[in-house]
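Note sheet for the following structure.
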Amino acid sequence: MNLTDLRDELTTHADDLGTAPDFTTAVAGRVRTTKRRRAVAAGSVATLAVAALAVGVVTSLGRPEPTVPAGSAASAAPMIGADGMPFRSVPDAPGDVVKDGLRYRARVGDDTLVAGFVGDRGQGQFSLVWEPTTTHVSVGAECYLPGLTQTEAAAYMVTVSLTGTTGFFGSSCSAGRPAERDLPAGGTVPGEPGRGWSELTVGKATTLRVQLVDAKTHKPTSVDGAQLTGAVYEQGTLQPVEDEAGTTVAALPTVVEHQGYRYRVAGVAIGPLASGTLPELGVPTSVYAGVAVPDGPFLVSWGSAGKDLTDAARSGDGAGLRLEGLEATESRGYGSWGEVPVRAGSTRSLRLVAEGPRPDHGTAFIVIYTPEP
């Protein structure tokens, strides 16, 4: 099926999906995920981990259950997920790391797995070793504690440290086992936006230590049945977001993946937060019977970036940005961003609106991704 047929099929079945997804609920889900994966830093890597937090705000919405469109069993129409977006399973491929019902994919979007490991149950630590070909990487580690409640699991965390340094970054553990087979591809992006991780040297073997620790003392510990996983992905081409001075404040992937389909950057709008009109961006349309109809589906990455913007978000004054043009309005605090799925035919244009006081610095942006043919 080509891209035109895919769009037509999605538009045809859009009305069959019922009420649009509750984006407020989706945002809450992303906030919960972000809290669970919040980096904790100490020592020489502290600056790296803190810088990575802004990038780490980009989180996955998860994989909804697919809905098969009307038609025969042999129909070439794509499956549609609960969010109205196309859905397909991705088969195993050479280079995947598969173990105990879990998988790190060898390639997600344009990011390539260079080191991945799924630990045995009860294994409290392991190392990831690779020879970098770039300093632009994302690092992820997961910790699952079957038999514990979420409150009990929160007493533990998994840390990632670079050999030869005293600092680390990490994320909280989760109770039970993951609901999905595919593990998150990446997570923390160390280093300044767009500059890469300065501690890496291309061509020189690098080792990361992944370890289960007590969340309060940060000392190594053990839990019966605990399962740790970890992965390093080298990033593909990045889309820079620059402020008025030409400094890169965020770097987004040029290609992203959602429910088995690839989407590529098709439009970018950037503007200062302090004053003037905030970014607006129209979406591509096609003309049917003389009427302009939005193409689709899309992914939209939007938000703001800049030094110390997250401090403004914590001030409690409710200030932040609102994205208008979707079926349901989304809001988020300054200094964070993320992706939103937009089903076919559900929007015409997008614009950012400030809520509460505007900061005196920072950069707002909207980036639209459209399906690859």
If you define the side chain from C-beta out and look only at heavy atoms, does anything of [X] sit under 4.5 Å from [Y]?
{"X": "Val342", "Y": "Leu350", "value": "no"}
{"X": "Thr159", "Y": "His218", "value": "no"}
{"X": "Tyr156", "Y": "Leu148", "value": "yes"}
{"X": "Thr135", "Y": "Arg195", "value": "no"}
{"X": "Tyr261", "Y": "Met85", "value": "no"}

With a 3.5 Å distance limit and no angle check, can you tell me whether [X] reaches the backbone of [Y] through a side-chain donor-acceptor pair?
{"X": "Tyr233", "Y": "Thr112", "value": "no"}
{"X": "Thr221", "Y": "Val213", "value": "no"}
{"X": "Asp360", "Y": "Ala274", "value": "no"}
{"X": "Gln150", "Y": "Ala175", "value": "yes"}
{"X": "Ser301", "Y": "Leu299", "value": "no"}

Inset, instruction - Not counting sequence neighbours, list each pair that qualifies as a ring-ring contact (aromatic ring centres under 6.0 Å, His included) and has a residue in residues 90-129. - result: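 Output for this query lists Phe117-Phe126.
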Mind checking the [atom1]-[atom2] spacing from [X] to [Y]? Nearest 0.5 Å is all I need.
{"X": "Arg209", "Y": "Phe168", "atom1": "CZ", "atom2": "CZ", "result": "15.0 Å"}
{"X": "Leu183", "Y": "Thr229", "atom1": "CG", "atom2": "OG1", "result": "4.5 Å"}
{"X": "Leu326", "Y": "Ser349", "atom1": "CG", "atom2": "OG", "result": "10.0 Å"}
{"X": "Ile366", "Y": "Ser304", "atom1": "CD1", "atom2": "OG", "result": "11.5 Å"}

Inset, instruction - Could you tell me if the ring centre of Tyr369 sits under 6.0 Å from that of His258? - result: no
According to the salt bridge (Lys or Arg N to Asp or Glu O under 4.0 Å) rule, which pairs have a member within [range], sequence neighbours left out?
{"range": "residues 151-161", "answer": "none"}
{"range": "residues 113-140", "answer": "Lys99-Asp120, Asp100-Arg121"}
{"range": "residues 228-246", "answer": "none"}

Inset, instruction - Please lay out, stage by stage, how Phe169 and Val139 fare under the test side-chain contact (heavy atoms from CB on, under 4.5 Å). - result: CA-CA 10 Å; Phe169 47 87; Val139 180; 4.0 Å; yes
Inset, instruction - In sequence, state the C-alpha distance, the side-chain angles, and the governing distance for Gln259 and Met79, and then conclude on side-chain contact (heavy atoms from CB on, under 4.5 Å). - result: CA-CA 10 Å; Gln259 297 177 173; Met79 290 194 297; over 6 Å; no
Legend entry - Residue Arg177 excluded, over 12 heavy atoms near CZ under 6.0 Å: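 Counting other residues, nucleotides and ligands, CZ of Arg177 exceeds 12 neighbours.
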Inset, instruction - Give a yes or no on this: more than 12 heavy atoms of other residues, nucleotides or ligands lie within 6.0 Å of atom CG of Asp224. - result: no
Inset, instruction - Mind running side-chain contact (heavy atoms from CB on, under 4.5 Å) on Val353 and Leu278 for me, showing each step along the way? - result: CA-CA 7 Å; Val353 177; Leu278 291 171; 5.5 Å; no
Inset, instruction - Group every Ile, Leu, Val, Met, Phe, Trp and Tyr by side-chain heavy-atom contacts under 4.5 Å, then state whether Tyr263 and Leu238 land in the same group. - result: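 Different clusters: Tyr263 never reaches Leu238 through Ile, Leu, Val, Met, Phe, Trp or Tyr contacts under 4.5 Å.
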Legend entry - Taking every non-hydrogen atom, the tightest pair across His361 and Leu309: O-CD2, 3.7 Å
Inset, instruction - Considering non-hydrogen atoms only, spot the tightest contact between Ala106 and Pro94 and give its length. - result: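 The answer is CB-O, 3.5 Å.
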Inset, instruction - Please name all residues satisfying side chain to side chain contact (heavy atoms under 4.5 Å, CB included) with Arg264, sequence neighbours left out, ordered by chain then number. - result: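 Side chain to side chain contact (heavy atoms under 4.5 Å, CB included) list for Arg264, sorted by chain: Asp110, Thr254, Val255, Arg262, Glu372.
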Inset, instruction - Any chance you could lay out the side-chain contact (heavy atoms from CB on, under 4.5 Å) test for Leu212 and Cys173, step after step, and finish with the verdict? - result: CA-CA 9 Å; Leu212 178 66; Cys173 291; 3.7 Å; yes
Legend entry - By salt bridge (charged side-chain N to carboxylate O under 4.0 Å, His left out) - contacts of Glu324 (at least two apart): Arg322, Arg351
